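Working notes for the structure below.
This structure is a prediction, so every number in the text was calculated from the model and none was measured. Counting from 1, the numbers follow the sequence of the chain as shown.
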Amino acid sequence: MGCFESDILAGMEQAILDGVDILSLSLGGRSVPYYRDTIAIGAFAAMEKGIHVSCSAGNSGPTKSTLANVAPWIMTVGAGTLDRDFTAYATLGSGQKFTDVSLYSGRGMGEKMVEMVYSKGSNTSSNLCLEGSLDPVIVRGKVVVYDRGINARVENCVISANGGTMACPPTNPEP
């Protein structure tokens, strides 16, 4: 692992005592029985206190039994080499077409043109899609384009969806 297992457990214990909500560990060795797995033992103690534990899957593989941090109370996160994305298409009224990616896998919006709204005006919070900044009367059934800003993109989409929008693609206001 590159450090003493007792140090790892001490760090996890201190984090639990500090009252953290999440433990994110980017370390691990090979898979061993839970009773010998330092990270699994510390993660179990954290889980018992309601702390979410996320660990790396390791840097070995891709061969059999190379996954690390496999205890069922740990969310194990790993990267893959599968070259795949989920393509999404948008066509503007001018006929200009854009290709991008989306995690949405449901039905598309259809062939009918949908109005796009971008609030770059006196209300600076609406162009950032902040809580309470979108007027549902204006945005319902439309695509809201917003500037990436101070809150998470998923929060922007929840705010947008609560206003009845159909989609919420972000823009990068700086080049």
Which pairs of donor and acceptor atoms, one on a side chain in residues 41-58, lie under 3.5 Å apart (sequence neighbours left out)?
residue : atom : partner : partner atom : Å
Ser56   : OG   : Leu27   : N            : 3.4

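Clustering ILVMFWY residues whenever any of their side-chain heavy atoms sit less than 4.5 angstrom apart, transitively, puts Val32 in a cluster other than the one holding Val70.
Note that the CZ atom of Phe98 and the OG1 atom of Thr91 stand 9.5 Å from one another [nearest 0.5 Å]. Atom CD1 in Ile74 sits 8.5 Å away from atom OH in Tyr34 (nearest 0.5 Å). Interatomic distance, Ile39 CD1 to Leu9 CG, rounded to the nearest 0.5 Å: 9.0 Å.
Side chain of Thr99 to backbone of Tyr89: no donor-acceptor contact under 3.5 angstrom is found.
Between Leu25 and Met12 there is a side-chain heavy-atom pair separated by less than 4.5 Å.
The two residues Gly141 and Val114 come nearest to each other via the heavy atoms O-CG1, 3.3 Å.
The hydrophobic cluster containing Val77 also includes Met75, under a criterion of side-chain heavy atoms closer than 4.5 Å among ILVMFWY residues, counted directly or through chains of members.
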